[in-house]
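To keep things clear, I will list the structure first and then write my remarks on it.
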There are 2 protein chains.
Amino acid sequence: MQSQNISDIIEKYLKSILADSEHVEIRRSEIAELFNVVPSQINYVIKTRFTIQNGYLVESKRGGGGYIRIEKVNLVDDADVLDTLIQVIGDSITQRDAYAVVQSLYEDEVLSHREAQLILVATDHNTLGVTDRDVESSLRARIIIGILNHLRYES
Amino acid sequence: MQSQNISDIIEKYLKSILADSEHVEIRRSEIAELFNVVPSQINYVIKTRFTIQNGYLVESKRGGGGYIRIEKVNLVDDADVLDTLIQVIGDSITQRDAYAVVQSLYEDEVLSHREAQLILVATDHNTLGVTDRDVESSLRARIIIGILNHLRYES
DNA sequence: ATAATAAAAGTCAATATTAGTCAAAGATAA
DNA sequence: TTATCTTTGACTAATATTGACTTTTATTAT
């Protein structure tokens, strides 16, 4: 029932590999062929689901023997994770990216499950209930950055 | 005999599925077609009959492979306390009163110390950064109510 | 070495496929 | 009668899919 679209299925496939190994290295055309999609759809999947907000680093090379390599990074290992995240967020963040950020913090055990849920509820589109998209996004950024700053201060 | 408008019938249909499984996942257009109504009527049914107050969580996704998913959740023991708080807050709350609410939830062990702090940061005057006091207070009310509603059930 | 060719991946915009919003019109109940 | 609830549909927004074109890198031929 769940995951009716191919992008979700490709995402799961890549993440299932990442569950075992530190990184996954693919040939774009092979994966595209495996799932019967055009090659550029692989870029779409990566761009929407393997961002730094999601805790992934991506590197690639073109030409003969080219590849795309996806690596799961642990934000906590980095001393100034929170600073990095704050920079990435800037003064505006979509609900989707906010979800990715909070999810990453949960995976890195910076936040408990409940804390993560509370933050997502607090920054949810329906919760905020403002009509203007830009206002909503900047408000969401302020709340998340406020919390991140608090977390830094705390530790 | 109760009137059986289409919205009621669709409601019963969805709830009959939820009687067996934990959740139901639909394609909006399919259900609309099944009952011969316009798609947006499904939104109406959900909005009026599957609210969080009634113990339902709804999530959805647009685009290819999109869906609407309804989940029945278990209410916690203090749900009625939370309901009362939600009523009292209404559509506006000052930072001072918000502090009192959060403080009492902490004392009642509904919230951990860290969770309480997160909520206070999220609803802080400086965090929200809106100039208009009324806007600030109603925003704070929305955030806290959103969180209280989340606390009503166990995920 | 250099130039031409091949073999990758990247970009971007058009199109397709969903769901969401909102307000007007219609129906029903108090 | 009047207020509330239901139904409808036009418009909006989000997400996914596709393909033409570009860029980068490696390999081969001269």
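Naming convention: chains lettered A, B, ... in sequence-line order (proteins, then strands); numbering from 1 in each chain. Fair warning: this is a prediction, and the values are worked out from it, not measured in the lab. Values below: every heavy atom of this structure, side chains too, minus hydrogens, waters and symmetry copies.
Residues G64(A) and Q41(A) each lie close to DNA chain D; by heavy-atom proximity, the contact nearer the 5' end of the strand is made by Q41(A). Both H125(A) and I46(A) sit near DNA chain C, but only I46(A) has its closest nucleotide nearer the 5' end. When each of V45(B) and T48(A) is assigned the nucleotide of DNA chain D bearing its nearest heavy atom, the one mapping closer to the 5' terminus is V45(B). Each of N43(A) and N126(A) was assigned the nucleotide of DNA chain C with the nearest heavy atom; the assignment lying further toward the 5' end belongs to N43(A).
Side chains of S104(A) and Q53(A): no donor on one and acceptor on the other come within 3.5 Å.
Not one side-chain nitrogen or oxygen of R27(A) sits closer than 4.0 Å to the OP1 or OP2 atom of dA7(C). Residue R28(A) has no polar side-chain atom (N or O) positioned under 4.0 Å from OP1 or OP2 of dT11(C). Taking side-chain N and O atoms only, S60(B) has a distance below 4.0 Å to OP1 or OP2 of dG20(C). Contact between the side-chain N/O atoms of R49(A) and the OP1/OP2 oxygens of dA16(D) is found at a separation under 4.0 Å. Of the side-chain N and O atoms in S7(B), one or more sit less than 4.0 angstrom from OP1 or OP2 of dT7(D). Contact annotation: K61(A) side-chain N/O to dG10(C) OP1/OP2 distance is not under 4.0 Å.
Here the C1' atom of nucleotide dT15(D) and the CZ atom of R96(A) are 7 Å apart, to the nearest Å. For the pair Y44(A) OH and dA14(C) P, the computed distance is 17 Å after rounding to whole Å. If you take CD1 of I26(A) and P of dA8(C), they are 13 Å apart, rounded to a whole angstrom.
The listed nucleotides are dA16(D), dT17(D), dT18(D); the one nearest the side chain of V38(A) is dT18(D). When the nucleotides dT24(D), dT17(D), dA13(D) are ranked by their closest atom to the side chain of R62(A), dT24(D) comes out on top. Which of dA14(D), dC5(D), dT18(D) sits closest to the side chain of V37(A) comes down to dT18(D). Among dT8(D), dA19(C), dT17(D), the nucleotide with an atom closest to any side-chain atom of I68(B) is dA19(C). Comparing dC12(C), dA16(D), dT24(D) by their closest approach to the side chain of S40(A) singles out dC12(C).
Here salt bridge (charged side-chain N to carboxylate O under 4.0 Å, His left out) pairs that include residues 41-51 of chain A, with residues two or more places apart or in two chains, are D8(A)-R49(A), E11(A)-R49(A).
The side-chain heavy atoms of Y153(B) and I52(B), taken from C-beta on, include a pair separated by under 4.5 Å.
With R69(B) contributing its side chain and E25(B) its backbone, the two residues share no donor-acceptor pair below 3.5 Å.
For D97(B), there are no salt bridge (Lys or Arg N to Asp or Glu O under 4.0 Å) partners at least two apart in sequence or on another chain.
Base engagement by G63(A) is indicated by at least one non-hydrogen atom pair under 4.0 Å involving a base atom. Among the atoms of the strands shown, only primed sugar atoms or phosphate atoms (P, OP1, OP2) are found under 4.0 Å from some heavy atom of I6(B).
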